[in-house]
Student: 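Got a structure for you, written out below as C-alpha cells; questions coming shortly.
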Amino acid sequence: MEKMEKNTDHASVTPNKAVMEVLSPENCDAVILDNGRTINNFIDNKIKELDSLDNEPFYVANLDSVFERHHRWLTNLPRVKPFYAVKCNNTPAVIQMLRTLDTGFDCASKGEIQMALSLGVTPDKIIYAHTTKPGFHIKYACAHGVDLMTFDNEAELLKISQCHAKAKLILRIIVDDSKSLIRLSSKFGARLDTVEKLLERAKELGLEVIGVSFHVGSGCTDSLVFKQAISDARHVFDLANLLGFQMTLLDIGGGFSGREDFQVKIEEFSEVINGALDKFFPPESGVQIIAEPGRYYVESAFTLVVNIIAKRVDMDHPDGEENSSNKMVYYINDGVYGSLNCLINDPAHTSVTPYLHKAVDSSKQRYWSVIWGPTCDSLDKIIENYWIPELEVGDWLLIDNMGAYSVSITTTFNGFEKAHIYPVVTAETWHALNLSHTNGIINE
Ligand SMILES: Cc1ncc(COP(=O)(O)O)c(C=O)c1O
C-alpha cells in the first residue's frame, strides 16, 4: 500500500502534433508528459478529473516502458527480431509504438491482421502464427499480402494449398513446455517423429516450407528448455533441406515474462538462446531468427486504477480469532470479468496486490479485508485475507503489471464497461523515437 507519492501538479494532456503523427495517427490518443511531468502526476490529475465525473476504472499505459523493453531486447538478443504477439494486448498505441520501433507482429486471426494493417503495419512484417486457421482467414491473409504462416498438421496443408498456395510456411514443432505456467504443446505443434511425413506432404502439394517455429509455453521458468528446442529445430531444418526445401527462418516463439519480479529475466534466457543459436544456427548459416514475445513487452507497462464503489463491515473474524477486528468488505468497479480476468484465466497471473493511491500513515491500524469485483457473481473476488488500513468508498487503488492478456480478454458482463486506456509517453522518449527515425536507425 501507500506506494505512490501524492502530487498535485497538472500534467499536460495535449499531445503535440509531431507525436500525434507518428505515435497516434488517428485512433491513438497518447499523452505526452513534458516539462518533467511523470506518470504519477498524470494519474493524480486523472483521478481528480474523474472524482468530479464518473469514477470509472482506467489503465495508464506507460509507452516508455515498452520502448525501454525493446532496447533491452535488442541488447540481449541482437540476432532475434521480435514479432510482437498482438493477442497479448492489442492497444493501438502499443502497436504504433512497436511499429515505429520496426518490430514485426504475430497475428492469430483475420481480425488481428486487419487491425495491424489498419495501423500501418506492412504485410511483410506479419506472421500469421496460428497452426489451425479458418479457411477464409487464410484467404484474407492471401488477399492482403500476408504470406508467412505456421502449420503443424496435414489438413492445414491441404487448406493452405487451396486458400494461399504461395504461402511461406513455418512448421511448428512440439517442444518441452513442462517448465511453463501456461502449456501449449498439448494443443499445437507436430511431434518430431511426424515432421518428415508432413514435409513430404507439403512437397507433394507444391507448398513452400521455409522454416520452423516452437513455443516453450507462456511464463517460462527455465531458460534451458530453449537449448533443446533450438537443437530440435536444427534437426527439422536438416530433414527439410534433404527434401529440397530452402530453409531460411527460425521462430523461437514467446514465453518471456514482462515482470521485474519474475524468477527468470530476459538476460538469463538470452545467455542460453544466444549460445544455442551460435551452435546450431551460426550467423554464417544465413538463417533469419525471429521470436513472438507478448508478455515481455507489455506486462509491466500497464497500471490499472480502480475505485471503491461500496463497503460493508462484517462481524465475523478470521480463523475464529474472537478478539480480532471486524472484517472489512470492499467492492471495486472492475473485476474478474473485466480487466482482472487474469485471476480466473491466466495461470501466470493468479493474484494482484492493489495499493492505495493516496498517502497513508503507515502506523495506521490494519484490518482483515476482502475486495470484490462489481458483478453479481461470487467468483468475482479480487483478494481476500488482505491486511490493510481502513479504506473508504471513493478511494482509488492502483494495480501494477496489468498489461498482459488483460485488455484483450475483458468482457462487459453485467453491463460494466471496459476500463479506458490512457497511453502516456515522456517527451524524452518521444524525442528519442524521432531521432531514431532521422538517423535511420529505425527503418520503415
Ligand atoms: C503462437 C503464440 N505466439 C506467441 C505467444 C505469446 O506468448 P508470450 O506472451 O508468453 O510471450 C502466444 C501466447 O499464447 C502464442 O500462442
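Computed from a predicted model, the values in this text were never measured in an experiment. Atoms within a ligand are numbered from 1 in the order they appear, just like the ligands themselves. Atoms considered below: every heavy atom in the structure, side chains included; atoms not considered: hydrogens, waters and symmetry mates.
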Student: Going by the side-chain contact (heavy atoms from CB on, under 4.5 Å) test, name the single residue among I309, V306, N307 that passes it with P374.
Tutor: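 Checked I309, V306, N307 against P374; only one passes side-chain contact (heavy atoms from CB on, under 4.5 Å): I309.
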Student: Mind checking whether I182 and H349 have side chains closer than 4.5 Å, heavy atoms only?
Tutor: no
Student: Consider ligand 1: state whether an atom of it lies below 4.0 angstrom from any non-hydrogen atom of A129.
Tutor: yes
Student: Looking only at protein heavy atoms, which one is nearest to atom 11 (O) of ligand 1, and what is the separation?
Tutor: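 Here the nearest protein heavy atom works out to G294 N, 2.8 Å.
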Student: Does one side chain, of N401 or S300, offer a donor that lies under 3.5 Å from an acceptor on the other?
Tutor: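 There is no such pair (donor and acceptor under 3.5 Å, judged by atom type) between the side chains of N401 and S300.
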Student: Closer than 4.0 Å to some heavy atom of G254 - which atoms of ligand 1 meet that?
Tutor: 11 (O)
Student: Atom 15 (C) of ligand 1: which protein heavy atom is closest, and how many Å away?
Tutor: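 Nearest protein contact, heavy atoms only, for atom 15 (C) of ligand 1 is K87 NZ, 3.4 Å.
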Student: Backbone or side chain, does any N or O of G255 fall under 3.5 Å from an N or O of ligand 1?
Tutor: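 Yes; at least one N/O pair falls below 3.5 Å.
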Student: Under 4.5 Å between any side-chain heavy atoms of I47 and V305, yes or no?
Tutor: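 I47 reaches V305 side chain to side chain.
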Student: Using a 3.5 Å distance criterion without hydrogens, assess whether the side chain of D106 forms a donor-acceptor pair with backbone atoms of Y84.
Tutor: no
Student: For D380 and T375, does a side-chain donor sit closer than 3.5 Å to a side-chain acceptor?
Tutor: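 Indeed, the side chains of D380 and T375 share at least one donor-acceptor pair under 3.5 Å.
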Student: Does H130 come within less than 4.0 Å of ligand 1, judged by its heavy atoms?
Tutor: no
Student: Could you find the nearest protein heavy atom to atom 7 (O) of ligand 1 and give me its residue, atom name and distance?
Tutor: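 Among all protein heavy atoms, the one nearest atom 7 (O) of ligand 1 is H215 NE2, 3.0 Å.
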Student: Closer than 4.0 Å to some heavy atom of D106 - which atoms of ligand 1 meet that?
Tutor: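 What qualifies from ligand 1 is 2 (C), 3 (N), 4 (C).
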Student: Which atoms of ligand 1 are found less than 4.0 Å from any heavy atom of S218?
Tutor: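 What qualifies from ligand 1 is 8 (P), 9 (O), 10 (O).
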Student: Taking the six-membered ring for Trp, are F302 and Y59 ring centroids under 6.0 Å apart?
Tutor: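 Yes, they do, as the ring centres are separated by less than 6.0 Å.
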Student: Does the ring of F83 carry K125 above it, NZ/CZ under 6.0 angstrom from centre and within 45° of its axis?
Tutor: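 No, K125 and F83 do not form such a contact.
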Student: Non-hydrogen atoms of F188 versus ligand 1: any pair closer than 4.0 Å?
Tutor: no
Student: Would you say K203 has more than 12 foreign heavy atoms packed within less than 6.0 Å of its NZ?
Tutor: yes
Student: Tell me whether Y296 has any N or O atom under 3.5 angstrom from an N or O of ligand 1.
Tutor: no
Student: Distance under 4.0 Å to a non-hydrogen atom of Y405: what atoms of ligand 1 satisfy this?
Tutor: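 It comes down to these atoms of ligand 1: 6 (C), 7 (O), 8 (P), 9 (O), 13 (C), 14 (O).
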Student: Quick check on contacts: which atoms of ligand 1 are under 4.0 angstrom from a heavy atom of P293?
Tutor: 11 (O)
Student: By the definition side chain to side chain donor-acceptor pair (under 3.5 Å), identify the one residue from N414, D377, T410, T412 that meets it with Y337.
Tutor: D377
Student: Within the 4.0 Å heavy-atom shell around R172, which atoms of ligand 1 are there?
Tutor: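 This gives 1 (C) as the contact atoms.
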Student: Check ligand 1 against E292 and write out every atom of the ligand that is under 4.0 Å from a heavy-atom position of the residue.
Tutor: 1 (C), 2 (C), 3 (N), 4 (C), 5 (C), 6 (C), 11 (O)
